[in-house]
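Order of appearance sets the numbers: ligands from 1, and atoms from 1 within every ligand.
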Amino acid sequence: MNEYGRRILEDVIAKNRDQLEFIQAVREVIESLSPVLDRNSLYEQNAIIERLVVPERIIIFQVPWVDQAGKAHVNKGYRVQFNSAIGPYKGGLRFHPSVNLSILKFLGFEQIFKNSLTTLPMGGAKGGSNFDPKGVSDMDVMRFCQSFMRELYRHVGPDCDVPAGDIGVGSREIGYLFGQYKRIVNAHEGVLTGKNMNWGGSLIRPQATGFGNVYFMREILKTRNETIEGKIAAVSGSGNVAQYTVKKINELGGKVVTLSDSQGAIYDADGIDDEKLEFVMELKNVRRGRIKEYVEKFTSAKYYPDAKPWMLAPVVHLALPSATQNELDLEDAKALTAAGCICVSEGANMPSTPGAVECFTSNNVLFGPSKAANAGGVATSGLEMSQNSMRISWTLEEVDNRLQQIMARIHHSCITEAAAYGMPGNYVAGANIAGFKKVADAMIDQGI
Ligand code: NDP
């Protein structure tokens with residue numbers, strides 16, 4: 001590893017000992033950047049890595065709220081504004097009991113490079129709360145969101161920081177957050193993305209992360225003259241990203257045989273076709289139920305409590321983890337490789353552990369890392385911001401075409417940069433290098 005990079009990594013580890021996810025993300029980036037740092041001393045002279053690994057600002061706040069039974073609650077709220085070199089801060093909000101500073105710092109750090117890869121002018125940020133919307137009534141979710149925005153509004157704005165959704169924050173939550181922001185600042189402006197179509201949203205935004213990941217996988221497969229048609233795919237999660245991943249795989253002639261949630265996984269050897277997917281969407285988005293209900297409706301499928309999807313199918317050609325970080329470990333990677341997996345493309349953020357990534361790459365399994373593969377979501381958020389600024393709405397075809405072009409361009413950047421630094425076919429290195437260079441050069445231009 002480059003000496004400068006090694007020194008900064010050791011410093012990050014020493015100063016953030018309990019932030020394991022954050023250290024994992026920083027280590028991967030610094031390792032990838034070694035040849036870049038070897039070739040260009042300007043990055044060290046300008047202390048670029050030191051400045052990149054410390055958020056420009058972290059806001060931590062109390063979120064007090066009263067439920068419909070009159071009981072008072074208090075949660076923690078966060079916004080990590082990591083880097084604004086190439087545009088206003090941009091990144092999702094996550095509402096999940098596991099949310100802590102380490103997870104939000106890892107997500108915000110990753111977001112810097114991901115946003116840069118899209119080629120759109122967006123800085124990196126992430127935020128959220130340890131609030132758990134599961135099993136909470138709509139009105140209580142509204143009360144929580146209103147309290148959350150009562151503090152967050154003073155730190156965000158269309159030219160400053162534009163949050164979006166993530167785990168636990170879908171169109172319902174974005175609506176309540178937007179309503180409260182509008183009420184406080186008295187302006188109908190593009191402060192959040194993921195809005196509903198009839199009040200400032202963009203077509204294709206709900207589909208963008210899942211569709212984008214499949215478009216990215218399609219590009220990766222082309223490098224080996226392969227296609228999605230006829231392939232068996234394992235998908236994890238059953239939320240926004242997983243749902244539209246299944247939809248696009250079906251459209252391109254593949255067959256998805258697994259889904260999961262935080263309580264277990266299902267395996268359906270017949271495939272989750274569009275009709276079954278409709279059921280999952282209604283189950284998850286409207287009834288907010290559990291994936292185990294799938295097997296009550298479709299008896300050909302089996303439910304495995306507390307299981308992940310990776311070891312359930314005897315044959316898997318494609319894997320698209322779409323739930324959460326570190327959900328696919330070395331043992332899972334070995335099982336997928338043994339089941340015939342030829343390509344993994346990450347819909348979730350950092351779902352594969354370092355051991356799993358090493359297993360895939362050493363077994364010649366094509367591997368699309370999250371910061372490239374799932375960038376379609378934030379890219380389409382960028383398109384939503386453009387439409388809001390211009391006060392126009394593009395058609396579905398227009399947004400989808402732009403999304404496909406962006407994913408193809410990201411793929412091209414990964415391939416080109418990896419090859420330029422002597423690591424052909426290494427998408428992890430290519431994504432980190434391509435994302436880094438634009439941000440680092442902007443930081444140098446703008447002075448210290
Ligand atoms: P949703 O909240 O819509 O769905 C999340 C899914 O993951 C649910 O099925 C959930 O199960 C499952 N899940 C959450 N935590 C765990 C866990 N600890 N173990 C197992 N399963 C879990 O979120 P999204 O689909 O939006 O996000 C999924 C992933 O994609 C996240 O990593 C997110 O950061 C990433 N991502 C999302 C983008 C977007 O546009 N939405 C953009 C880029 C990345 P349960 O229902 O039981 O909670």
Side-chain angles (χ1 to χ4, degrees), residues 21 25 90-99 103-104 106-108 110-111 114-115 117-118 122 124 126-128 131-136 163-174 192-194 201-202 204-213 216 235-247 258-266 280-281 283-285 287-294 304-310 320-329 332 345-352 369-382 384 403 407:
E21 295 86 357
K90 179 94 195 91
L93 296 171
R94 177 176 290 192
F95 291 170
H96 193 270
S98 66
V99 161
I103 289 179
L104 295 181
F106 119 65
L107 290 164
E110 292 282 288
Q111 199 81 42
K114 181 189 308 193
N115 292 2
L117 279 170
T118 65
M122 300 181 290
K126 202 80 189 188
F131 171 70
D132 188 356
K134 270 205 280 298
V136 178
D166 191 77
I167 291 177
V169 178
S171 63
R172 173 183 63 170
E173 290 75 15
I174 293 289
L192 290 154
T193 57
S202 172
I204 297 287
R205 177 61 191 90
Q207 295 89 337
T209 308
F211 279 17
N213 188 24
F216 193 78
V235 174
S236 63
S238 47
N240 171 269
V241 178
Q243 291 168 13
Y244 288 105
T245 299
V246 176
K247 179 101 190 138
T258 66
L259 281 174
S260 66
D261 62 20
S262 50
Q263 292 172 350
I266 58 118
V280 173
M281 287 179 158
L283 170 71
K284 284 287 172 182
N285 308 347
R287 285 195 282 131
R288 300 184 189 274
R290 309 277 78 215
I291 199 65
K292 70 175 172 212
E293 292 174 48
Y294 182 98
Y304 298 83
D306 299 320
K308 297 185 283 182
W310 316 122
L320 301 104
S322 307
T324 194
Q325 64 275 355
N326 291 327
E327 56 161 317
L328 196 166
D329 62 20
D332 300 321
S345 199
E346 297 184 322
N349 281 306
M350 204 170 76
S352 311
S370 54
K371 63 169 73 70
N374 73 22
V378 72
T380 309
S381 279
E384 182 175 332
L403 173 63
M407 298 317 295

Atoms of ligand 1 close to [X] [distance to a heavy atom under 4.0 angstrom, numbered from 1]:
{"X": "G237", "result": "9 (O)"}
{"X": "A348", "result": "29 (C), 30 (O), 32 (O), 35 (C)"}
{"X": "G347", "result": "30 (O), 35 (C), 36 (N), 44 (C)"}
{"X": "K284", "result": "46 (O)"}
{"X": "S260", "result": "9 (O)"}
{"X": "R205", "result": "40 (O)"}
{"X": "R94", "result": "31 (C), 32 (O), 33 (C), 34 (O)"}
{"X": "N374", "result": "43 (C), 44 (C)"}

Is [X] in contact with ligand 1, taking contact as a heavy-atom separation below 4.0 Å?
{"X": "S322", "result": "yes"}
{"X": "Q325", "result": "no"}
{"X": "Q243", "result": "no"}
{"X": "H96", "result": "yes"}
{"X": "G168", "result": "yes"}

Okay, side chain of [X], backbone of [Y]: is any donor-acceptor separation there less than 3.5 Å?
{"X": "R205", "Y": "G377", "answer": "yes"}
{"X": "S322", "Y": "A348", "answer": "no"}
{"X": "S260", "Y": "K308", "answer": "no"}
{"X": "N213", "Y": "G210", "answer": "no"}

Contact (N/O only, under 3.5 Å) between [X] and ligand 1:
{"X": "R290", "value": "yes"}
{"X": "L107", "value": "no"}
{"X": "K114", "value": "no"}
{"X": "N349", "value": "yes"}
{"X": "N240", "value": "yes"}

Are more than 12 heavy atoms from other residues, nucleotides or ligands located less than 6.0 Å from atom NZ of K247?
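No - once you tally the heavy atoms of other residues, nucleotides and ligands closer than 6.0 Å, there are 12 at most.
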So which protein heavy atom does [atom] come closest to, and at what separation?
{"atom": "atom 12 (C) of ligand 1", "answer": "A323 CB, 3.9 Å"}
{"atom": "atom 16 (C) of ligand 1", "answer": "T324 CG2, 3.7 Å"}
{"atom": "atom 38 (C) of ligand 1", "answer": "T209 OG1, 3.6 Å"}
{"atom": "atom 33 (C) of ligand 1", "answer": "D166 OD1, 3.1 Å"}
{"atom": "atom 9 (O) of ligand 1", "answer": "S238 N, 2.9 Å"}
{"atom": "atom 20 (C) of ligand 1", "answer": "S262 CA, 3.6 Å"}
{"atom": "atom 24 (P) of ligand 1", "answer": "V241 CG2, 3.8 Å"}
{"atom": "atom 4 (O) of ligand 1", "answer": "G239 CA, 3.3 Å"}

What closest approach, in Å, do G382 and M122 show between heavy atoms, and which atom pair accounts for it?
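Heavy-atom minimum between the residues: CA-SD, 3.9 Å.
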Locate the shortest heavy-atom distance separating L104 from G127; write the atom from each residue and the value.
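Looking at all heavy atoms of both residues, the shortest contact is CD2-O, 3.5 Å.
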Applying a heavy-atom cut-off of 4.0 Å, say which part of [X] lies close to ligand 1: side chain, backbone, both or neither.
{"X": "A164", "value": "neither"}
{"X": "E327", "value": "neither"}
{"X": "Q207", "value": "neither"}
{"X": "A208", "value": "neither"}

Please name the residue in the list T193, T118, N115 that meets the side-chain hydrogen bond (donor to acceptor under 3.5 Å, both in side chains) test with K90.
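Only match with K90 under side-chain hydrogen bond (donor to acceptor under 3.5 Å, both in side chains): T193.
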So among K114, E110, K371, Q111, which one has a side-chain hydrogen bond (donor to acceptor under 3.5 Å, both in side chains) with N349?
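Testing each of K114, E110, K371, Q111 against N349, the sole residue satisfying side-chain hydrogen bond (donor to acceptor under 3.5 Å, both in side chains) is K114.
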Can you measure from [atom1] ([X]) to [atom2] ([Y]) and round to the nearest 0.5 angstrom?
{"X": "N374", "Y": "L320", "atom1": "CG", "atom2": "CG", "value": "11.5 Å"}
{"X": "T258", "Y": "I291", "atom1": "OG1", "atom2": "CD1", "value": "10.0 Å"}
{"X": "E173", "Y": "F95", "atom1": "CD", "atom2": "CZ", "value": "7.0 Å"}
{"X": "S352", "Y": "W310", "atom1": "OG", "atom2": "CH2", "value": "8.0 Å"}
{"X": "M407", "Y": "T380", "atom1": "CE", "atom2": "OG1", "value": "8.5 Å"}
{"X": "S98", "Y": "E21", "atom1": "OG", "atom2": "CD", "value": "8.5 Å"}

Looking only at the side chains, is there a donor atom on one of D261 and S238 sitting less than 3.5 Å from an acceptor on the other?
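Distance-only check fails for D261 and S238.
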Assess whether side chain to side chain contact (heavy atoms under 4.5 Å, CB included) is satisfied between F216 and E346, documenting all intermediate values.
CA-CA 10 Å; F216 193 78; E346 297 184 322; over 6 Å; no
